[in-house]
2 protein chains.
Amino acid sequence: MDDETAPQKGTVTQRAIERIKAMIGEGRLEPGQRLPTERDLAAQLGISRSSMREAIRALTVLGVLEARHGSGIYVTQLEAGDLLETFGVVADLSRGPRLVELLEIRRILESTATALAAARITGDQLAEVEKHLAAMNATDDPEEILAHDLAFHRVIATAAGNETMAAILEGLSSRTFRARVWRGYQEEGAFARTRREHAAIHRALAAHDPEAARAAAAAHVGEVEMWLRAQLGP
Amino acid sequence: MDDETAPQKGTVTQRAIERIKAMIGEGRLEPGQRLPTERDLAAQLGISRSSMREAIRALTVLGVLEARHGSGIYVTQLEAGDLLETFGVVADLSRGPRLVELLEIRRILESTATALAAARITGDQLAEVEKHLAAMNATDDPEEILAHDLAFHRVIATAAGNETMAAILEGLSSRTFRARVWRGYQEEGAFARTRREHAAIHRALAAHDPEAARAAAAAHVGEVEMWLRAQLGP
DNA sequence: CCAGCAGGGTGGTCGGACCACTATGCGTCC
DNA sequence: GGACGCATAGTGGTCCGACCACCCTGCTGG
């Protein structure tokens, strides 16, 4: 009826992945909607349940589908966070020169995001920034500092009003990534400098000064970037 | 011996994914190296081959592993291109306001990349840019124009010297993404304007003028961004 | 009226079988 | 002796059928 007898390109699993992606792309599957059961889907595409499961698993790790045990398979909201979660994998598996490249990208995006945030940030958001800033300065526990550091930048990225950019920056600041790079950096007594830089960023945000915010954020990330570049050098 | 009897968190497949990712992260699996067979891997982790296959499939779509039928499973070179291929999926499945967000990110990255390229581009690379520019102006076939347009920007991104950024821009300019957005834009007789903008970018590159290049690239992407924003508006 | 339980339906896992493809080595033929 | 070609073992790819773990609904009983 509708099995189309496709031209047999690639593996059946790959074809199944494309078919489902196409269904979503064409709007035949709406975000949040529930898909037919694995068994039905397999039957519809004329493949085995095993192959269909692999296709579903693939789309699951991409953040497109979500499988709920005992309930069914659903299309995610297809929001930036869902789809860009895999961005963290890149950061986690990168080393050497590519870490510098990732930091360079983060510097570019973070400085722009901070500039946008300076223009758009609300009072509530600014208060939250201050909360994390204070918490960061009130403790010496590296774990806690790192957590508030991440939150500090996340609030700023959100305030910039570009959810996609916030999600990418989230990936570029993933826990393991930060742990690997920041640890060595902070061990060199960079606490004081970091606090100064965070304060400068906050000052620019409070003053709603985009250019100052851009410069402060670029300098903040740039410091780490330079340090890492030196580490990898001779 | 080494099955560890893990604390049973999450699905078996999910744990297998993490285990393999960890092996690579710890350096126990080098890029290009061949993994044990599916059957052996499944036995090592004490799971069925089906579950192991799902884990492998997941890491395959993430660009971490590569399965060659009849030969074996290999770790990819873990280069930016391998890992960021999935970025195209985001672009393909995004619509509405998120398309604008993606274009905004592209504008930020592309303008910076073009500025860097202006400072670093070699004679050979500049010649290639000119080749695609000429080819773009010599035809009226939209397909061919699109192909050379993509190549034009790819050469520039490569010349910027940040492979990761080039890979991200590649994803943000994926064929289907461009087709969806550019088509409507070009239909409004924007050919002439596009050619003028491309010429301006090339002029700045040839003059090795980063600031001019940044401005030209930002304007180029910004034009489309503005158009799309207007389309989605009222 | 509500709480608790039982059933059906769903994804998750398993084991085994067979197919399709690749690579290797041995034998044959020039 | 060397090059070619074929047989073969080993690998990923696909399929099947069964069972388990979990969620949800509806019925039952208080």
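A note on names: the letters A, B, ... follow the listed sequences, proteins ahead of strands, and every chain is numbered from 1. Only heavy atoms go into these numbers, but all of them, side chains included; no hydrogens, no water, no symmetry mates.
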Take atom [atom1] of [X] and atom [atom2] of [N], then tell me their distance rounded to the nearest Å.
{"X": "A:Arg39", "N": "C:dG12", "atom1": "CZ", "atom2": "C1'", "result": "10 Å"}
{"X": "B:Arg34", "N": "C:dT22", "atom1": "CZ", "atom2": "P", "result": "14 Å"}
{"X": "B:Gln14", "N": "C:dG11", "atom1": "CD", "atom2": "P", "result": "17 Å"}
{"X": "B:Glu38", "N": "C:dG15", "atom1": "CD", "atom2": "P", "result": "15 Å"}
{"X": "A:Glu66", "N": "C:dG12", "atom1": "CD", "atom2": "C1'", "result": "16 Å"}
{"X": "A:Arg53", "N": "C:dT10", "atom1": "CZ", "atom2": "C1'", "result": "11 Å"}
{"X": "A:Ile56", "N": "C:dT13", "atom1": "CD1", "atom2": "P", "result": "13 Å"}
{"X": "A:Leu65", "N": "C:dG11", "atom1": "CG", "atom2": "C1'", "result": "13 Å"}

Answer yes or no: is there a side-chain heavy-atom contact under 4.5 Å between B:Ile56 and A:Glu54?
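No - every pair of side-chain heavy atoms lies 4.5 Å or more apart.
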Which is the 5'-most and which the 3'-most nucleotide of DNA chain D that has an atom under 4.0 Å from a heavy atom of chain A?
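Under 4.0 Å from chain A, the extent on DNA chain D is D:dG13 to D:dC23.
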Between C:dT13, C:dC18, C:dT10, which nucleotide gets closest to the side-chain atoms of B:Ser48?
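Looking only at side-chain atoms, B:Ser48 lies closest to C:dT13.
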Determine the interplanar angle of the B:His220 and B:His153 rings, folded into 0 to 90°, and report it as parallel if under 30°, tilted if 30 to 60°, perpendicular if over 60°.
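If you compare the ring of B:His220 with that of B:His153, the planes turn out parallel.
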Could you tell me whether B:Arg68 contacts a base, only the sugar-phosphate backbone, or nothing, with contacts defined as non-hydrogen atoms closer than 4.0 Å?
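Touches sugar-phosphate only.
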Non-hydrogen atoms of B:Ala58 and A:Val61 that approach each other most closely:
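That would be CB-CG1, 3.6 Å.
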Identify the heavy atoms of B:Ala159 and B:Ala117 that sit nearest to each other, and give their distance.
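Here B:Ala159 and B:Ala117 meet closest at CB-CB, 4.0 Å.
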Ignoring hydrogens and geometry beyond distance, is the side chain of B:Ser50 in donor-acceptor contact with the base of C:dG15 at under 3.5 Å?
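Answer is yes: a donor-acceptor pair is held.
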Do the side chain of A:Arg49 and the base of C:dG12 come within less than 3.5 angstrom through a donor-acceptor pair of N or O atoms?
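Present.
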Does A:Ile73 or B:Ile47 map to a spot on DNA chain C nearer the 5' end, using the closest nucleotide for each?
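Result: A:Ile73.
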A:Leu109 and side-chain contact (heavy atoms from CB on, under 4.5 Å): which single residue from A:Thr114, A:Asn162, A:Leu169 fits?
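Testing each of A:Thr114, A:Asn162, A:Leu169 against A:Leu109, the sole residue satisfying side-chain contact (heavy atoms from CB on, under 4.5 Å) is A:Leu169.
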Side-chain donor or acceptor of B:Arg120 paired with backbone N/O of B:Ala160 under 3.5 Å
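Yes, the answer is positive, given that a donor and an acceptor are paired below the 3.5 Å cut-off.
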I'd like to know if the side chain of A:Ser51 and the backbone of A:Ile47 have a donor-acceptor N/O pair within less than 3.5 Å.
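Not a single qualifying donor-acceptor pair exists.
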Hey, which sits more toward the 5' end of DNA chain D by its nearest nucleotide, A:Glu54 or B:Thr37?
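Looking at the nearest nucleotide for each, B:Thr37 comes out on the 5' side.
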